[in-house]
> 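Below you'll find the structure I mean.
Numbers restart at 1 for each chain; the letters A, B, ... are given by sequence-line order, proteins then strands.
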Amino acid sequence: MGDDKTEKKRGQKEKDKEPDITFYHPALFEVPQDGSPPFLKGYRCKQCGQLDFPKLSICPGCWGEEFEMVPLGRRGTLYAFAEVFLGQPGMTYPMTIGYVDLPENIRVFAQLDGVAAGFKCNDTVELTIGTIRMNRDGLPVTSYKFKKAAS
Amino acid sequence: MKLDRDVYIAGVGETTFGKHTSDFDVLGRQAALQAMRDAHIEKPGVVQTAYVGNVQNGIVTGQMVFKDLGMCGDLPIINVESACSAGGMAVYCAVKDVSTGVADISIAVGTENHSLTRQAGTAFAGATGDIETMHGLVFTGKYAMRANRYMFETGATPEDLAAVTVKNRRHATHNPHAWFKGNISIEEVLASRMVAFPLTLQQCCGISDGAGAVVVCSKEMTKKLGIQKPVKVSGAVVFSGPYHNGPRDLTGDDITEMAAERIYEESGIGPEDVNIIELHDAFSIAEILYYECLGLCRKGEGVKFLRDGESTYGGKCVVSPRGGMLSYGHPVGASGAAQIASCVKQMRGECAGYQVEPIPAVAMTHVTGGGMSGTEHAACTMHMLTKAW
């Protein structure tokens, strides 16, 4: 009896809840509809010119509040990487991660496609998209990742 | 910080570290009581302000610690959180109160129980909702990236990193407060489960429970309390992680380098004069990087410093004489305060079985804290302690 009640309550709550996101954030990257490759979105402060990724709520350099979107280069240099076997609850491991330095002098943390043994520091990598985690509804969340660049 | 008047440590306390079935408040109270009794305080009503560092045990943690001690009431208790820096930052706040004259005597406690609350088999991540956290970053991964880059640049090997664990566990052999201790070989360290390549389980600090406490006071108060061996706080520094979104050197650590430069400047003590250091050895690689960041050796020579025995008993500067986080484990809110407690006991010559000889006259502590995208760490807290008797 008690169990049924709990079930009902839970069901009710789920119904009211908005579905969780499946695309990490449109302000971060663009997957063009025409099939051209995805790119990260940098934001340049219109007042002082500072370029940031990800977008900040205000420019930390001058407190400017207007930004111009700048598509960031799709290829970068893998500064460092690691293979992680144990991590946050709800994520899939092992996971290959890395810091990628983009030509615009921006460093991005991302998951890497492929096993760590396939990478070395200073490798050229390129942007791709893929699943980074599961959302609260158990559906995959798509975001940016990097993979070894085709030479 | 600029110390307007001299501040002294009158008493310290630390629990044993490891898995405890007692919650954070019990552990914190145990350390606080030890520290107050050590400072010859035998009843409530003496301490004037209190700071309690804790990260994951919920709200009003400080009041939970002090209620049973009869100290809640006119005692302002302020709870301090900055991830792994919380305990060290609580001490910084207490020092500030005495230095500025807000109080003549203050207590700082760092306490944490992870075992009762944390989900097993998970690693610590950075700020909740941060973009790097959302993409899967955990601290084991961040330090593994630093390790891989360090090995790439310097030619250091996984064996070199493992040697840090071997040293620190050996230091802890006779330390009753430490959790993991005694002989372990490089091979055993490397053969333990891989957590984040190249860091194996034995190169990552254990997720443990414990508490440390420090009573600080003015010179007059040390006399009033009859403190025989007051330790002077010759420097206390807190930095927040500077934001930068560009490429930078992760084999260094900007926030530690800034904090070190500041504390050396403020205390007038250079790295060559420091006898012992407890630093943020949460992972084997961290200790090697911090030798360099703290100026104990030149950049790129951390492994040599370790191999030459300069960071162990008999060396230039004994690093992690208590066994460090690699032996205590790292209850995040507790470690910073416990490091200071252990250093004070070393300076008083009270560490039978793991006493550094000659008895250290200068000790330094260092804890970083947390992480956010665009920073190496969200916080860094350092203290410089000198013998004052």
> Counting only heavy atoms not in B/Lys304, do more than 12 fall under 6.0 Å of its NZ?
no

> If I measure from the heavy atoms of chain A, does B/Ser373 come under 4.5 Å with its side chain, its backbone, both, or neither?
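Neither the backbone nor the side chain of B/Ser373 comes within 4.5 Å of chain A.
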
> For a side chain to side chain contact (heavy atoms under 4.5 Å, CB included) check, start with the C-alpha distance between A/Arg107 and B/Asn245, then their side-chain angles and the critical distance, and finish with the verdict.
CA-CA 6 Å; A/Arg107 175 168 289 175; B/Asn245 60 23; over 6 Å; no

> Should we say atom CZ of B/Arg298 is surrounded by more than 12 heavy atoms from elsewhere, each under 6.0 Å from it?
no

> Please determine, among B/Pro198, B/Ala144, B/Gly136, the option with the most heavy-atom pairs under 4.5 Å with chain A.
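So the answer, after comparing B/Pro198, B/Ala144, B/Gly136, is B/Gly136.
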
> Using 0.5 Å steps for rounding, measure from the NE2 atom of B/His135 to the CE atom of A/Met95.
10.0 Å

> Heavy-atom count around A/Arg74 CZ within 6.0 Å, excluding the residue itself: above 12?
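Result for CZ/A/Arg74: enclosed.
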
> To the nearest 0.5 Å, how far apart are OH in A/Tyr99 and CZ in B/Arg146?
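It is 9.0 Å, given to the nearest 0.5 Å.
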
> Main chain of B/Val138, side chain of A/Gln88: is a donor-acceptor contact present, judged purely on distance under 3.5 Å?
no

> Are A/Tyr79 and B/Asn148 close enough that a side-chain donor and a side-chain acceptor fall under 3.5 Å?
no

> Among A/Gln50, A/Lys145, A/Glu83, A/Lys120, which has the most heavy-atom pairs under 4.5 Å with chain B?
A/Glu83

> At their closest point, which heavy atom of A/Cys121 faces which heavy atom of B/Arg149, and how far apart are they?
CB-NH1, 3.7 Å

> Crowded around A/Glu68 CD? As in, over 12 foreign heavy atoms under 6.0 Å?
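Enclosed: over 12 neighbouring heavy atoms sit under 6.0 Å from CD of A/Glu68.
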
> Please look at A/Tyr93 and chain B and tell me whether the side chain, the backbone, both or neither of the residue comes under 4.5 angstrom of a heavy atom of that chain.
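A/Tyr93 touches chain B through side-chain heavy atoms alone.
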
> How long is the span from the OG atom in A/Ser143 to the CE atom in B/Met134, to the nearest 0.5 Å?
9.0 Å

> Does B/Thr140 reach the side chain of A/Phe85, with side-chain heavy atoms less than 4.5 Å apart?
no

> Could you tell me which portion of B/Phe197 (side chain, backbone, both or neither) has an atom closer than 4.5 angstrom to a non-hydrogen atom of chain A?
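For B/Phe197, heavy atoms of backbone and side chain both lie under 4.5 Å from chain A.
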
> Which of the residues B/Met194, B/Arg193, B/Lys142 is involved in the greatest number of heavy-atom pairs with chain A at under 4.5 angstrom?
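Most pairs with chain A among the choices: B/Met194.
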
> NE2/B/His244 to CD1/A/Ile106 distance, rounded to the nearest 0.5 angstrom?
12.5 Å

> Drop me the distance from B/Ile131's CD1 to A/Leu28's CG, to the nearest 0.5 angstrom.
4.0 Å

> Under the side chain to side chain contact (heavy atoms under 4.5 Å, CB included) criterion, do B/Glu132 and A/Ile97 qualify, and how do the steps go?
CA-CA 10 Å; B/Glu132 294 189 347; A/Ile97 56 171; over 6 Å; no

